[in-house]
Amino acid sequence: RRVHGGSFSTGVHMFARLRPLVRQRIPLNSYLQRRAYSVQPLTVLPEDEQMIRDQVQRFARERVAPFVPEMDKQSKLKPEILSECFQQGLMGIEIPHQYGGSGMSFMSACLVIEELAKVDASLSVCVDVQNTLVNNAITKYGSEEIRATYLPRLATDTVGSFCLSEAGSGSDAFALKTRAQEDGDHYVLNGSKCWITNAGEAGLYLVMANVDPSKGYKGITTFVVEKSNPGLSLGKKEDKLGIRASSTHEVVLTDCRVHKSRVLGQVGQGYKIAIETLNEGRIGIGAQMLGLAQGAFSYAVEYIHHRKQFGKPVAEFQGMQFAYAQAAADIEAARLLVYNAARLKQAGLPFVTEAAMAKLYASQVANKVAGQCVEWLGGVGFTRDFPVEKFFRDAKIGQIYEGTSNLQLVTIAKQISSHFK
Amino acid sequence: QSTWGDFIAFRIMRVLVGVKRVVDYAVKVRVRPDKLGVETKNIKMSMNPFDEIAVEEAVRLKEKNLVSEIVVLSVGPKQCEETLRTAMAMGADRAIHVETDKELEPLGIAKIFRHVVKRESPNLVIVGKQGIDGDFSQTGQMLAGLLNWPQGTFASKLELDGAGKAATVTRETDLGMETLKIAVPAVVTCDLRLNEPRYATLPNIIKAKKKPLEKVDLQAVEGDLTPRITTLLVEEPPQRKAGIKVESVDELVEKLKSAGVLTK
């Protein structure tokens, strides 16, 4: 699969890169086939990705931005905007053409998420969960029947939710208690999920439940449950600090009967599906945090070049220059981490550690920069009349969801330590 | 009563749309240090907004089955290919790029268009009313003159009759709206209120990659393309002077009277 369309690199580079792969026992010939070396800078995008970025940037600026304060105040995404996202192909970015999707790459999805986050982190996370969690899990693990039934709907009008967390299992995700009892050719699900993004708008839910608790995490199975399925209901809607327009609900399963054909992948494969899906989704969140940081920064930097105090724009004071220069460098570093993790994944190379680093770093940068932007604007930055306070509030979740910062650090540390075992 | 000939003409109704790559409308332009133009290095460039409207109009005509093929044309450096791909992502069928780094004026561009018109035999040429960089508003009109075709400029509404023999153009002028019926083939230039252009959807961006983009050599174009205008100086508009604040309505009326704005 071509990544950048560049030519093969030889010599020192190839051998240096082969070593970690040999350790992980990836067959050489398939590595060579998958690998398309490019010496293009990470931030220089090929034409079609640049076009996607430009179109989504305009779409976000013209069609989404005017409604962002209202959506935040009402804690609800406008159905018209969601509908336009579907029409633009933003909800089925990687879904293959044959299922009605846009048939694009993972990097394209990250670019879409980033551009939307520059304007509204809530809409961005909705599109992120849809594409990087729900669509990808179904495409990768779904039977032909599941893919043919649900991918076209996810691409055109159905929002999806990924239901893993519970009140008693957040970071310790696989201590989940939702039970799936076998009953003839159905499973009966009972339990309660919480912190579920998109739950308010979703028509489809991927629910992780345990068919056999005695097997521990090996009993966890992923079920594809439609909203219309009796026994699935929405509970409490969370009243959040940030990404308020993104609906976050409890999802309650009460004797919810799901046919065996709706098991995603194999019974007992749920743990693997969840872990792998979240490893990829992590990069999407990195892209969201990156866009958020950039959106806040672009706004604040323009403001400080106009705001005058002591006879000159505040941007001209050296203290401010040092601050925004550092912020710009941090954002660029986060960008390179996110883009590289995405490219590694696209190239079929190991990316789990890089993905953890990208999400960790991008969310930290987003929080730091968004907070600084509030300060740079001064008093007005602290009011709802100006957009930066929203970036500040929205950024916080980046260090919590899809794996807390501490858990990202654990992942990275494990990978480093593994060389010494 | 349409004849078999009319039917054939209708079936190959081809539209040529001109698109120009210009400085993005949202960019704050700065004058170059040499004061001979504006800074375009490392500046975001996009399709001229009026040309987007032109592409959109052509696509809508095609959706109404009044047009069978949309060919989009651009003259300029290599990066114009991006602009052409965007037009194809909006719905154009194929693209022609006359690649050049030379600065050309509307008359030169019109001559290039004439060359392509002779090659492609479109029934309709649609372009934006003006480029937001030069603001000349001449190319469409000059092209119509060179081809000896009728023109409907500053169009805010365009209708093609089913037989493809005539077009009805509603024009926005300073005196009001004017509606013309013009014979086809014709040149139409688009104004702001003609339509609202669509965003290229992601699936269409992918499809556009496969659509043909061909190059036409500038050398093959007949006629003298040398610019006849030399830019002597480009400078920023004068800074707006601050206004005066008045304390009362009476004072306001006084000021307006002394400015000669009120007659009584």
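Below, read A as the first sequence line, B as the second, and so on, with proteins coming before strands; counting in each chain starts at 1. These values consider heavy atoms only, across backbone and side chains, with no hydrogens, waters or symmetry-generated copies. The structure displayed is predicted, hence computed values, not measured ones.
Heavy-atom contacts from other residues, nucleotides or ligands closer than 6.0 Å to CD of B:E63 number more than 12. Within a 6.0 Å sphere centred on NZ of A:K140, other residues, nucleotides and ligands contribute more than 12 heavy atoms. Counting non-hydrogen atoms of neighbouring residues, nucleotides and ligands closer than 6.0 angstrom, the NZ atom of B:K211 exceeds 12 such neighbours. A 6.0 Å sphere centred on NZ of A:K312 holds more than 12 heavy atoms belonging to other residues, nucleotides or ligands. For A:F310, the CZ atom sits in a loose shell: 12 or fewer heavy atoms of surrounding residues, nucleotides or ligands are nearer than 6.0 Å. Heavy atoms from other residues, nucleotides or ligands lying under 6.0 Å from NZ of B:K215 number more than 12. Other residues, nucleotides and ligands place no more than 12 heavy atoms under 6.0 Å from the CD atom of B:E103. Heavy atoms from other residues, nucleotides or ligands lying under 6.0 Å from CD of B:E196 number 12 at most.
How far CG of B:L202 is from SG of A:C85: 10.5 Å, rounded to the nearest 0.5 Å. Separation of atoms CD (A:Q57) and OH (B:Y199) is listed at 12.0 Å; rounding is to 0.5 Å. Atoms CG and CD, on A:D48 and B:E82 in that order, are 10.5 Å from each other to the nearest 0.5 Å.
Between chain A and the residues B:K207, B:E52, B:E81, the largest count of heavy-atom pairs under 4.5 Å involves B:E52. Most heavy-atom pairs under 4.5 Å with chain B, from the set A:Q50, A:E84, A:E62, A:H97: that is A:E62. The candidate from A:R61, A:M51, A:Q87 with the greatest count of non-hydrogen atom pairs under 4.5 Å with chain B is A:M51.
Contacts between B:K44 and chain A at a heavy-atom distance below 4.5 Å involve the side chain alone, from C-beta outward.
Under the 3.5 Å distance criterion, the side-chain polar atoms of A:Q55 are matched with a main-chain donor or acceptor of B:A200.
Taking 4.5 Å as the limit, every side-chain heavy atom of B:T201 sits out of range of all side-chain heavy atoms of A:L90.
Under the rule for a side chain to side chain contact (heavy atoms under 4.5 Å, CB included), the partners of A:P96 that lie at least two apart in sequence or sit in another chain are A:Q98, A:Y99, A:T139.
Between A:G89 and B:P203, the closest heavy-atom pair is CA-CD, 4.1 Å.
When the heavy atoms of residues 123-137 of chain A are compared with those of chain B, none of the residues falls under 4.5 Å.
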